Enquirer: 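Got a structure here, written out as C-alpha coordinates. Questions coming.
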Amino acid sequence: MEFITQPWAWYVAGPVIAIIMFFLFYFGERFGVSSNLETFCSIGGAGKFVDYFKIDWKQNTWNLVFVAGSITGGFIAAYWLSPSDAVALNPQTIQDLADIGIAHAGSSYLPDEIFSIDTMLSLKGFFILLIAGIMVGFGARWAGGCTSGHAIVGLSNLEIPSLISVIGFFIGGLIMTWYILPLIF
Amino acid sequence: MKYIKFFLIGILFGIVMSKAEIISWYRIYEMFKFQSFHMYGIIGSAVLLGMISMFLFKKKMIKTFEGKEIHVAPKKKGIYRNLLGGILFGLGWALAGACPGPMFVLIGKGVVSILVVIFGATLGAFLYGLSKDKIPH
(Lines give C-alpha, C1' and ligand atoms only; values in the text may rest on other atoms or scores of the structure.)
Protein backbone atom coordinates (compact mmCIF):
# COMPACT_ATOMS: atom_id res chain seq x y z
CA MET A 1 0.00 0.00 0.00
CA GLU A 2 2.88 2.35 0.62
CA PHE A 3 3.30 3.19 -3.07
CA ILE A 4 -0.28 4.50 -3.00
CA THR A 5 -0.24 6.32 0.34
CA GLN A 6 2.97 8.25 -0.31
CA PRO A 7 2.71 11.37 -2.50
CA TRP A 8 2.58 10.44 -6.18
CA ALA A 9 5.47 11.56 -8.37
CA TRP A 10 4.91 13.64 -11.51
CA TYR A 11 5.77 10.67 -13.74
CA VAL A 12 2.85 8.78 -12.20
CA ALA A 13 0.35 11.65 -12.14
CA GLY A 14 0.96 12.88 -15.71
CA PRO A 15 0.32 9.46 -17.32
CA VAL A 16 -2.77 8.91 -15.11
CA ILE A 17 -4.19 12.23 -16.34
CA ALA A 18 -3.44 11.18 -19.94
CA ILE A 19 -5.32 7.91 -19.29
CA ILE A 20 -8.30 9.85 -17.90
CA MET A 21 -8.37 12.02 -21.02
CA PHE A 22 -8.11 8.91 -23.21
CA PHE A 23 -11.04 7.19 -21.53
CA LEU A 24 -13.29 10.27 -21.71
CA PHE A 25 -12.74 10.33 -25.49
CA TYR A 26 -13.12 6.55 -25.68
CA PHE A 27 -16.51 6.91 -23.99
CA GLY A 28 -17.51 9.58 -26.52
CA GLU A 29 -16.98 12.75 -24.47
CA ARG A 30 -14.07 15.12 -23.81
CA PHE A 31 -12.03 16.27 -20.84
CA GLY A 32 -12.98 19.77 -19.69
CA VAL A 33 -14.07 20.73 -16.19
CA SER A 34 -14.90 24.44 -16.49
CA SER A 35 -17.86 23.87 -18.83
CA ASN A 36 -19.65 22.51 -15.75
CA LEU A 37 -19.75 26.08 -14.43
CA GLU A 38 -21.99 27.02 -17.37
CA THR A 39 -24.10 23.94 -16.73
CA PHE A 40 -24.59 25.12 -13.12
CA CYS A 41 -25.78 28.47 -14.48
CA SER A 42 -28.22 26.75 -16.85
CA ILE A 43 -29.58 24.51 -14.09
CA GLY A 44 -29.91 27.55 -11.83
CA GLY A 45 -32.15 29.26 -14.37
CA ALA A 46 -29.64 31.70 -15.89
CA GLY A 47 -31.32 31.08 -19.26
CA LYS A 48 -34.13 33.37 -18.10
CA PHE A 49 -31.68 36.29 -18.14
CA VAL A 50 -29.19 35.36 -20.82
CA ASP A 51 -29.89 33.28 -23.93
CA TYR A 52 -26.32 31.94 -23.77
CA PHE A 53 -27.42 29.68 -20.92
CA LYS A 54 -30.55 28.39 -22.67
CA ILE A 55 -29.09 25.00 -23.41
CA ASP A 56 -30.27 21.47 -22.89
CA TRP A 57 -27.95 20.90 -19.94
CA LYS A 58 -28.95 17.25 -19.66
CA GLN A 59 -26.46 16.46 -22.44
CA ASN A 60 -23.75 17.47 -19.95
CA THR A 61 -24.97 15.12 -17.23
CA TRP A 62 -21.95 12.87 -17.80
CA ASN A 63 -19.67 15.78 -16.83
CA LEU A 64 -21.64 16.51 -13.65
CA VAL A 65 -21.26 12.82 -12.78
CA PHE A 66 -17.52 13.16 -13.45
CA VAL A 67 -17.48 16.08 -10.98
CA ALA A 68 -19.37 14.00 -8.41
CA GLY A 69 -16.73 11.30 -8.89
CA SER A 70 -13.95 13.88 -8.42
CA ILE A 71 -15.43 14.97 -5.10
CA THR A 72 -15.69 11.33 -4.06
CA GLY A 73 -12.11 10.67 -5.17
CA GLY A 74 -10.93 13.66 -3.16
CA PHE A 75 -12.71 12.24 -0.12
CA ILE A 76 -11.23 8.76 -0.61
CA ALA A 77 -7.70 10.15 -1.06
CA ALA A 78 -7.95 12.46 1.94
CA TYR A 79 -9.47 10.00 4.40
CA TRP A 80 -8.03 6.63 3.40
CA LEU A 81 -4.96 7.13 1.22
CA SER A 82 -3.10 10.02 2.86
CA PRO A 83 -1.46 9.36 6.23
CA SER A 84 0.26 12.77 6.04
CA ASP A 85 -1.12 16.14 4.94
CA ALA A 86 2.34 17.71 4.55
CA VAL A 87 3.63 18.89 1.17
CA ALA A 88 7.39 18.62 0.60
CA LEU A 89 8.04 22.07 -0.85
CA ASN A 90 11.27 23.62 -2.01
CA PRO A 91 12.80 25.29 1.11
CA GLN A 92 13.12 28.48 -0.93
CA THR A 93 9.34 28.45 -1.53
CA ILE A 94 8.72 28.14 2.21
CA GLN A 95 11.06 31.08 2.85
CA ASP A 96 9.48 33.20 0.09
CA LEU A 97 6.02 32.56 1.54
CA ALA A 98 7.14 33.42 5.06
CA ASP A 99 8.47 36.71 3.64
CA ILE A 100 5.05 37.64 2.20
CA GLY A 101 3.13 36.66 5.33
CA ILE A 102 2.16 33.03 4.80
CA ALA A 103 3.54 30.96 7.67
CA HIS A 104 4.04 27.19 8.02
CA ALA A 105 3.98 26.63 4.23
CA GLY A 106 3.77 22.94 3.38
CA SER A 107 2.58 21.74 6.79
CA SER A 108 -0.74 21.03 5.09
CA TYR A 109 -2.19 21.28 1.57
CA LEU A 110 -3.60 24.80 1.95
CA PRO A 111 -2.58 28.00 3.75
CA ASP A 112 -4.81 29.02 6.67
CA GLU A 113 -4.23 32.63 5.61
CA ILE A 114 -6.58 31.99 2.67
CA PHE A 115 -8.67 28.91 3.47
CA SER A 116 -9.31 28.71 7.22
CA ILE A 117 -12.90 29.13 8.38
CA ASP A 118 -11.90 32.27 10.32
CA THR A 119 -10.39 33.80 7.18
CA MET A 120 -13.47 32.89 5.13
CA LEU A 121 -15.70 34.63 7.67
CA SER A 122 -13.67 37.86 7.55
CA LEU A 123 -14.67 40.48 4.97
CA LYS A 124 -11.24 40.55 3.33
CA GLY A 125 -10.85 36.78 3.35
CA PHE A 126 -14.30 36.23 1.88
CA PHE A 127 -13.70 38.65 -0.97
CA ILE A 128 -10.30 37.13 -1.79
CA LEU A 129 -11.95 33.72 -2.21
CA LEU A 130 -14.89 35.16 -4.13
CA ILE A 131 -12.81 37.31 -6.49
CA ALA A 132 -10.36 34.47 -7.15
CA GLY A 133 -13.35 32.32 -8.12
CA ILE A 134 -14.89 34.99 -10.34
CA MET A 135 -11.60 35.44 -12.22
CA VAL A 136 -11.25 31.68 -12.73
CA GLY A 137 -14.85 31.27 -13.91
CA PHE A 138 -15.01 34.36 -16.13
CA GLY A 139 -11.53 33.75 -17.52
CA ALA A 140 -12.08 30.07 -18.26
CA ARG A 141 -15.30 30.69 -20.17
CA TRP A 142 -13.85 33.69 -22.02
CA ALA A 143 -10.81 31.67 -23.04
CA GLY A 144 -13.04 28.70 -23.87
CA GLY A 145 -11.42 26.28 -21.46
CA CYS A 146 -9.28 25.80 -18.38
CA THR A 147 -6.28 23.70 -17.52
CA SER A 148 -7.98 20.46 -18.58
CA GLY A 149 -9.58 21.66 -21.82
CA HIS A 150 -6.74 23.90 -23.02
CA ALA A 151 -3.49 22.83 -21.32
CA ILE A 152 -4.09 19.08 -21.49
CA VAL A 153 -6.51 18.40 -24.38
CA GLY A 154 -5.78 21.47 -26.52
CA LEU A 155 -2.00 21.25 -26.31
CA SER A 156 -2.14 17.47 -26.95
CA ASN A 157 -4.14 18.28 -30.07
CA LEU A 158 -1.57 20.93 -31.12
CA GLU A 159 -4.12 23.74 -31.15
CA ILE A 160 -2.91 27.33 -31.44
CA PRO A 161 -5.87 28.78 -29.44
CA SER A 162 -4.89 26.51 -26.56
CA LEU A 163 -1.23 27.51 -26.77
CA ILE A 164 -2.24 31.20 -26.64
CA SER A 165 -4.58 30.49 -23.71
CA VAL A 166 -1.88 28.61 -21.78
CA ILE A 167 0.54 31.49 -22.38
CA GLY A 168 -2.22 33.74 -20.99
CA PHE A 169 -2.65 31.44 -17.96
CA PHE A 170 1.05 31.89 -17.23
CA ILE A 171 1.11 35.64 -17.78
CA GLY A 172 -1.79 36.00 -15.30
CA GLY A 173 -0.33 33.47 -12.87
CA LEU A 174 3.10 35.11 -12.87
CA ILE A 175 1.64 38.59 -12.33
CA MET A 176 -0.43 37.34 -9.40
CA THR A 177 2.36 35.29 -7.81
CA TRP A 178 5.22 37.77 -8.22
CA TYR A 179 3.50 41.16 -7.99
CA ILE A 180 0.05 40.92 -6.37
CA LEU A 181 0.29 38.17 -3.72
CA PRO A 182 3.10 40.01 -1.87
CA LEU A 183 0.71 42.97 -1.41
CA ILE A 184 -2.25 41.00 -0.05
CA PHE A 185 -1.13 39.40 3.22
CA MET B 1 -26.15 2.95 -15.46
CA LYS B 2 -24.42 4.50 -18.49
CA TYR B 3 -23.02 7.20 -16.19
CA ILE B 4 -21.20 4.89 -13.78
CA LYS B 5 -18.08 4.87 -15.96
CA PHE B 6 -17.85 8.66 -15.71
CA PHE B 7 -18.23 8.44 -11.95
CA LEU B 8 -15.35 5.95 -11.77
CA ILE B 9 -13.13 8.06 -14.04
CA GLY B 10 -13.98 11.04 -11.82
CA ILE B 11 -12.92 9.11 -8.72
CA LEU B 12 -9.57 8.33 -10.35
CA PHE B 13 -9.24 12.03 -11.28
CA GLY B 14 -9.98 13.09 -7.68
CA ILE B 15 -7.46 10.63 -6.30
CA VAL B 16 -4.65 11.62 -8.68
CA MET B 17 -5.29 15.36 -8.16
CA SER B 18 -5.10 14.79 -4.42
CA LYS B 19 -2.24 12.28 -4.19
CA ALA B 20 0.01 14.21 -6.58
CA GLU B 21 -0.71 17.37 -4.51
CA ILE B 22 -2.08 19.19 -7.56
CA ILE B 23 -4.89 20.45 -5.29
CA SER B 24 -2.32 22.07 -2.99
CA TRP B 25 -2.27 25.88 -3.18
CA TYR B 26 1.46 25.68 -2.44
CA ARG B 27 2.23 23.55 -5.50
CA ILE B 28 0.68 26.19 -7.76
CA TYR B 29 2.65 28.96 -6.04
CA GLU B 30 5.84 26.89 -6.34
CA MET B 31 5.16 26.34 -10.05
CA PHE B 32 4.73 30.06 -10.75
CA LYS B 33 7.94 30.74 -8.80
CA PHE B 34 9.76 28.16 -10.98
CA GLN B 35 10.95 26.45 -7.80
CA SER B 36 9.85 22.93 -8.60
CA PHE B 37 9.65 20.67 -11.64
CA HIS B 38 6.66 18.78 -10.21
CA MET B 39 3.76 20.57 -11.97
CA TYR B 40 5.71 21.00 -15.22
CA GLY B 41 6.49 17.28 -15.20
CA ILE B 42 2.82 16.42 -14.67
CA ILE B 43 1.45 18.70 -17.40
CA GLY B 44 4.34 17.91 -19.77
CA SER B 45 4.07 14.14 -19.49
CA ALA B 46 0.25 14.26 -19.72
CA VAL B 47 0.49 16.33 -22.91
CA LEU B 48 3.18 14.11 -24.49
CA LEU B 49 1.11 10.98 -23.88
CA GLY B 50 -2.02 12.91 -24.91
CA MET B 51 -0.41 13.61 -28.29
CA ILE B 52 -0.07 9.88 -28.85
CA SER B 53 -3.78 9.42 -28.04
CA MET B 54 -4.71 12.19 -30.47
CA PHE B 55 -2.55 10.61 -33.18
CA LEU B 56 -4.28 7.26 -32.71
CA PHE B 57 -7.70 8.97 -32.81
CA LYS B 58 -6.84 10.87 -36.00
CA LYS B 59 -5.52 7.76 -37.71
CA LYS B 60 -8.77 6.04 -36.69
CA MET B 61 -6.77 3.30 -35.00
CA ILE B 62 -8.86 3.84 -31.89
CA LYS B 63 -12.60 4.44 -31.93
CA THR B 64 -15.12 4.94 -29.16
CA PHE B 65 -16.46 1.92 -27.29
CA GLU B 66 -19.46 2.12 -29.62
CA GLY B 67 -17.21 1.99 -32.69
CA LYS B 68 -17.63 5.64 -33.69
CA GLU B 69 -14.71 7.70 -34.96
CA ILE B 70 -13.27 10.12 -32.41
CA HIS B 71 -13.25 13.73 -33.60
CA VAL B 72 -11.67 16.27 -31.31
CA ALA B 73 -13.60 19.48 -31.95
CA PRO B 74 -11.19 22.42 -32.32
CA LYS B 75 -11.23 25.19 -29.71
CA LYS B 76 -12.77 28.55 -30.57
CA LYS B 77 -10.25 30.91 -32.14
CA GLY B 78 -9.71 34.55 -31.23
CA ILE B 79 -6.60 36.25 -29.92
CA TYR B 80 -8.48 38.44 -27.41
CA ARG B 81 -10.60 35.59 -26.16
CA ASN B 82 -7.66 33.26 -25.63
CA LEU B 83 -5.11 35.77 -24.37
CA LEU B 84 -7.28 38.05 -22.20
CA GLY B 85 -9.46 35.22 -20.94
CA GLY B 86 -6.32 33.22 -20.27
CA ILE B 87 -4.68 36.06 -18.32
CA LEU B 88 -7.79 36.57 -16.18
CA PHE B 89 -7.96 32.83 -15.54
CA GLY B 90 -4.26 32.77 -14.61
CA LEU B 91 -4.73 35.59 -12.08
CA GLY B 92 -7.50 33.61 -10.42
CA TRP B 93 -5.63 30.30 -10.66
CA ALA B 94 -2.60 31.68 -8.82
CA LEU B 95 -4.75 33.42 -6.17
CA ALA B 96 -7.08 30.49 -5.45
CA GLY B 97 -4.28 27.97 -6.04
CA ALA B 98 -6.86 25.84 -7.78
CA CYS B 99 -8.30 25.55 -11.25
CA PRO B 100 -11.84 24.17 -11.74
CA GLY B 101 -10.98 20.45 -11.42
CA PRO B 102 -9.07 20.71 -8.13
CA MET B 103 -11.77 23.01 -6.69
CA PHE B 104 -14.22 20.13 -6.69
CA VAL B 105 -11.65 17.66 -5.37
CA LEU B 106 -11.09 20.01 -2.42
CA ILE B 107 -14.78 19.69 -1.47
CA GLY B 108 -14.13 15.98 -0.99
CA LYS B 109 -11.18 16.84 1.20
CA GLY B 110 -13.58 18.74 3.43
CA VAL B 111 -12.40 22.28 2.66
CA VAL B 112 -15.50 24.39 3.39
CA SER B 113 -14.05 27.69 2.15
CA ILE B 114 -13.54 26.31 -1.38
CA LEU B 115 -17.34 26.55 -1.73
CA VAL B 116 -16.95 30.35 -1.82
CA VAL B 117 -14.43 29.96 -4.68
CA ILE B 118 -16.76 27.62 -6.56
CA PHE B 119 -19.67 30.01 -6.04
CA GLY B 120 -17.43 32.79 -7.38
CA ALA B 121 -16.42 30.69 -10.38
CA THR B 122 -20.06 29.97 -11.20
CA LEU B 123 -20.86 33.66 -10.80
CA GLY B 124 -17.88 34.42 -13.06
CA ALA B 125 -19.24 32.09 -15.75
CA PHE B 126 -22.64 33.81 -15.43
CA LEU B 127 -21.05 37.26 -15.70
CA TYR B 128 -19.21 36.09 -18.81
CA GLY B 129 -22.49 34.97 -20.38
CA LEU B 130 -24.05 38.30 -19.43
CA SER B 131 -21.25 40.42 -20.93
CA LYS B 132 -19.94 38.27 -23.75
CA ASP B 133 -21.37 40.46 -26.51
CA LYS B 134 -19.64 43.53 -25.06
CA ILE B 135 -16.10 42.18 -24.64
CA PRO B 136 -13.54 41.45 -27.36
CA HIS B 137 -13.07 37.90 -28.68
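All of these numbers come straight from a predicted model, not from anything done at the bench. The sequence lines fix the lettering, A, B, ..., with proteins before strands; numbering per chain opens at 1.
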Enquirer: Give, as side chain, backbone, both or neither, the part of Ile70(B) having an atom under 4.5 angstrom from any heavy atom of chain A.
Expert: side chain
Enquirer: Considering only heavy atoms, which portion of Leu181(A) lies under 4.5 Å from any heavy atom of chain B: side chain, backbone, both, or neither?
Expert: side chain
Enquirer: For the residue pair Trp178(A) and Phe32(B), is the inter-centroid distance of their aromatic rings smaller than 6.0 Å?
Expert: no
Enquirer: For side chain to side chain contact (heavy atoms under 4.5 Å, CB included), just list the numbers for Val16(B) and Ile20(A), CA-CA rounded to whole Å, side-chain angles, deciding distance to a tenth of an Å, and then say yes or no.
Expert: CA-CA 10 Å; Val16(B) 70; Ile20(A) 288 167; 4.1 Å; yes
Enquirer: With a 4.5 angstrom heavy-atom cut-off, could you sort out which part of Glu29(A) is near chain B: side chain, backbone, both or neither?
Expert: side chain
Enquirer: Does the side chain to side chain contact (heavy atoms under 4.5 Å, CB included) test come out yes or no for Phe22(A) and Phe57(B), once each step is laid out?
Expert: CA-CA 10 Å; Phe22(A) 174 87; Phe57(B) 298 157; 3.8 Å; yes
Enquirer: Find the distance between CG (Leu95(B)) and CG (Leu129(A)) and round it off to the nearest 0.5 Å.
Expert: 8.0 Å
Enquirer: Ile117(A) versus chain B, heavy atoms under 4.5 Å apart: side chain, backbone, both or neither?
Expert: side chain
Enquirer: Top residue by heavy-atom pair count (under 4.5 Å) with chain B, among Gly44(A), Ala9(A), Gly144(A)?
Expert: Gly144(A)
Enquirer: Going by the angle between their ring planes, with limits at 30° and 60°, are Phe37(B) and Trp10(A) parallel, tilted or perpendicular?
Expert: perpendicular
Enquirer: Quick check for you: to the nearest 0.5 Å, what is the distance between Phe6(B) atom CZ and Thr61(A) atom OG1?
Expert: 10.5 Å
Enquirer: Cation-pi between Lys109(B) and Phe75(A): NZ/CZ under 6.0 Å from ring centre and within 45° of the ring axis?
Expert: no
Enquirer: Among Ala94(B), Gly101(B), Gly124(B), which residue forms the greatest number of heavy-atom pairs with chain A at distances under 4.5 Å?
Expert: Gly124(B)
Enquirer: Among Leu84(B), Val111(B), Leu106(B), Leu8(B), who wins on heavy-atom pairs under 4.5 Å with chain A?
Expert: Leu84(B)
Enquirer: Quick one: CG on Leu81(A) to OG on Ser18(B), what's the gap to the nearest 0.5 Å?
Expert: 8.0 Å
Enquirer: Relative to Trp142(A), does Lys132(B) satisfy both conditions: NZ or CZ under 6.0 angstrom from the six-membered ring centre, and within 45 degrees of the ring's axis?
Expert: no
Enquirer: Between Met39(B) and chain A, which part of the residue has a heavy atom less than 4.5 Å away: side chain, backbone, both or neither?
Expert: neither
Enquirer: Is chain B contacted by the side chain of Ile102(A), its backbone, both, or neither, given a heavy-atom distance below 4.5 Å?
Expert: side chain
Enquirer: Just how far is it from atom CD1 of Ile134(A) to atom CG of Leu127(B), taken to the nearest 0.5 Å?
Expert: 6.0 Å
Enquirer: What part of Trp62(A) gets closer than 4.5 Å to chain B, counting heavy atoms only: side chain, backbone, both or neither?
Expert: both
Enquirer: So which of Thr147(A), Ile76(A), Leu155(A), Ile171(A) has the largest heavy-atom pair count under 4.5 angstrom toward chain B?
Expert: Thr147(A)
Enquirer: Hey, does the side chain of Glu30(B) reach the backbone of Thr93(A) with a donor-acceptor pair shorter than 3.5 angstrom?
Expert: no
Enquirer: Kindly give the heavy-atom pair with the smallest separation between Met51(B) and Leu158(A), and that separation in Å.
Expert: CE-CD2, 3.7 Å
Enquirer: Can any side-chain N or O of Arg30(A) pair as donor or acceptor with the backbone N or O of Ala73(B) at less than 3.5 Å?
Expert: yes
Enquirer: Looking at Ile15(B), Asp133(B), Val112(B), Ile114(B), which has the largest count of heavy-atom pairs under 4.5 Å with chain A?
Expert: Ile15(B)
Enquirer: Contact part of Thr39(A) toward chain B, heavy-atom cut-off under 4.5 Å: side chain, backbone, both or neither?
Expert: neither
Enquirer: To the nearest 0.5 Å, what is the distance between CG on Leu89(A) and OG on Ser24(B)?
Expert: 6.5 Å
Enquirer: Keeping the roles fixed (side chain from Tyr128(B), backbone from Glu38(A)), state whether a donor-acceptor pair exists under 3.5 Å.
Expert: no
Enquirer: So what's closer than 4.5 Å to chain A heavy atoms on Lys5(B): side chain, backbone, both or neither?
Expert: side chain
Enquirer: Side chain from CB out, backbone as N, CA, C, O: work out which of these in Val72(B) comes under 4.5 Å of a heavy atom of chain A, or both, or neither.
Expert: both
Enquirer: Heavy-atom distances under 4.5 Å only: say whether Leu83(B) touches chain A with side chain, backbone, both or neither.
Expert: both
Enquirer: At a 4.5 Å cut-off on heavy atoms, which part of Asp85(A) comes close to chain B: side chain, backbone, both, or neither?
Expert: side chain
Enquirer: Determine yes or no for a side-chain-to-main-chain donor-acceptor pair under 3.5 angstrom, with Asn90(A) supplying the side chain and Gln35(B) the backbone.
Expert: yes
Enquirer: Considering only heavy atoms from C-beta outward, does the side chain of Ile17(A) approach that of Met17(B) to under 4.5 Å?
Expert: yes
Enquirer: Let's test your reading of the structure: which of Gly32(A), Gly154(A), Ala77(A) forms the most heavy-atom pairs below 4.5 Å with chain B?
Expert: Ala77(A)
Enquirer: Could you tell me whether the side chain of Asn82(B) and the main chain of Ala143(A) form a donor-acceptor pair under 3.5 Å?
Expert: yes
Enquirer: Quick one: of Leu48(B), Ile107(B), Ile4(B), Ile118(B), who has the most non-hydrogen atom pairs under 4.5 Å with chain A?
Expert: Ile107(B)
Enquirer: Less than 4.5 Å to any heavy atom of chain B: does that hold for the side chain of Phe169(A), its backbone, both, or neither?
Expert: both
Enquirer: How many angstroms lie between OH in Tyr179(A) and CG in Leu91(B), if you round to the nearest 0.5 Å?
Expert: 13.0 Å
Enquirer: Please state whether the side chain, the backbone, both or neither of Ile23(B) comes within less than 4.5 Å of a heavy atom of chain A.
Expert: both
Enquirer: Hey, which of Val33(A), Thr5(A), Ile184(A) has the most heavy atom pairs under 4.5 Å with chain B?
Expert: Val33(A)
Enquirer: How close do Ser162(A) and Lys75(B) get, heavy atom to heavy atom, and via which atoms?
Expert: OG-CG, 3.7 Å
Enquirer: Just checking heavy atoms, which of residues 119-128 of chain A are less than 4.5 Å from chain B?
Expert: Met120(A), Phe126(A), Ile128(A)
Enquirer: Using the ring centroid of each side chain, check whether Phe66(A) and Phe13(B) are separated by less than 6.0 Å.
Expert: yes
Enquirer: Report the option among Ile180(A), Leu24(A), Val12(A) that has the most heavy-atom pairs separated by less than 4.5 Å from atoms of chain B.
Expert: Leu24(A)
Enquirer: For Val136(A), which atoms come within 4.5 Å of any heavy atom of chain B: side chain, backbone, both, or neither?
Expert: both
Enquirer: Counting heavy-atom pairs under 4.5 Å to chain B, which of Gly149(A), Ala13(A), Gly14(A), Ala18(A) comes out on top?
Expert: Gly14(A)
